[in-house]
Structures are given as C-alpha cells and as structure tokens.
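Notes follow the structure.
If you're wondering where the values come from, they're calculated on a predicted model, not measured in any experiment. Sequential numbering from 1 along the given sequence is applied to the chain's residues.
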Amino acid sequence: MDLISRLNAATLTAQQEDDLPDFLAVRVYAIAEQLTGSHVFQVEIEELIEQLSLYDTYGQTGYIGMGVNNYILEGTIVRIEKKLSNCAQGARE
C-alpha cells in the first residue's frame, strides 16, 4: 500500500474506531490529495500516520499517557499544511 493510501486508511480507521473529529479528518484528506505524486513529505506523513494510529480523544490523560489528542495531531497537520503551502508558492514563482 502506498503512503497516500496508508494515510487515507489510517484516517478512516481513526474516524470509525477512535472518534477522530471530522474537522481534522477533512484536513488530513486534503493533505493526502495534495500529496499525489510527491515523495517529498514521506517523513512527515509517516509521523502523521503513526499519530493517527495512536489517536485518542482523551490522549495523554490515561495511566500510561501514550495517546495522541487533538492538539498534538493538529500541530502535525499545521506543520504539513505550511510546508505544502510553501512548496506550492515556490512552484508558482
């Protein structure tokens, strides 16, 4: 399975099984759409996939504190969105 397919699958699983909010899922799907044909963001997308697999609405509040909550996930999404935006601006110049 390629990186984009894995990202989409991890997002869908987090939505269905871990109550990933729709407003975050929409942003992840948009990132996946922008990545088509690009391998530049492999490390960042691998990190995002890992975070989606650890997503927990109440992340970092349990006994072990191993989950990823909205704030952690959104931070990663924002970093990737900014990097994508910078790449798009560079391509236009």
Can you check side-chain contact (heavy atoms from CB on, under 4.5 Å) on Tyr29 and Leu12, steps first, answer last?
CA-CA 9 Å; Tyr29 288 130; Leu12 183 61; 3.7 Å; yes

Could you give me the CA-CA distance, side-chain angles and deciding distance for Leu20 and Thr13, then say whether side-chain contact (heavy atoms from CB on, under 4.5 Å) is met?
CA-CA 9 Å; Leu20 177 69; Thr13 299; over 6 Å; no

For residues Asp22 and Gln15, report the shortest heavy-atom separation together with the two atoms involved.
OD1-NE2, 3.2 Å

Asn69 and Ile72: which non-hydrogen atoms are nearest, and at how many Å?
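Taking every non-hydrogen atom into account, OD1-N, 3.0 Å.
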
State which residue, out of Leu52, Leu54, Val78, fulfils the side-chain contact (heavy atoms from CB on, under 4.5 Å) condition with Leu73.
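Single side-chain contact (heavy atoms from CB on, under 4.5 Å) partner of Leu73 among Leu52, Leu54, Val78: Leu52.
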
Looking only at side-chain N and O atoms, does Ser5 offer a donor or acceptor that is under 3.5 Å from a partner on Asn8?
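On atom types as modelled, these side chains do not qualify, holding no pair under 3.5 Å.
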
Consider only side-chain N and O atoms of Asn70 and Tyr55, and report whether a donor and an acceptor are under 3.5 Å apart.
yes

How far apart are the C-alpha atoms of Ile31 and Glu81, what are their side-chain angles, what is the distance that settles it, and do they pass the side-chain contact (heavy atoms from CB on, under 4.5 Å) test?
CA-CA 7 Å; Ile31 287 170; Glu81 288 171 338; 4.1 Å; yes

Any side-chain heavy-atom pair of Leu48 and Val28 under 4.5 Å:
yes

Pairing residues for Glu50 by the side chain to side chain donor-acceptor pair (under 3.5 Å) criterion, not counting sequence neighbours
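Once residues adjacent in sequence are excluded, Glu50 has no partner under the side chain to side chain donor-acceptor pair (under 3.5 Å) criterion.
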
Can we say Arg79 and Glu44 salt-bridge, meaning some charged N sits less than 4.0 Å from an Asp/Glu carboxylate O?
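Looking at Glu44 together with Arg79, the answer is no, because their closest N to O distance does not fall below 4.0 Å.
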
Do Leu35 and Ile80 pass the side-chain contact (heavy atoms from CB on, under 4.5 Å) test, and can you show the C-alpha distance, the side-chain angles, and the key distance before you say yes or no?
CA-CA 10 Å; Leu35 289 173; Ile80 294 171; 5.7 Å; no

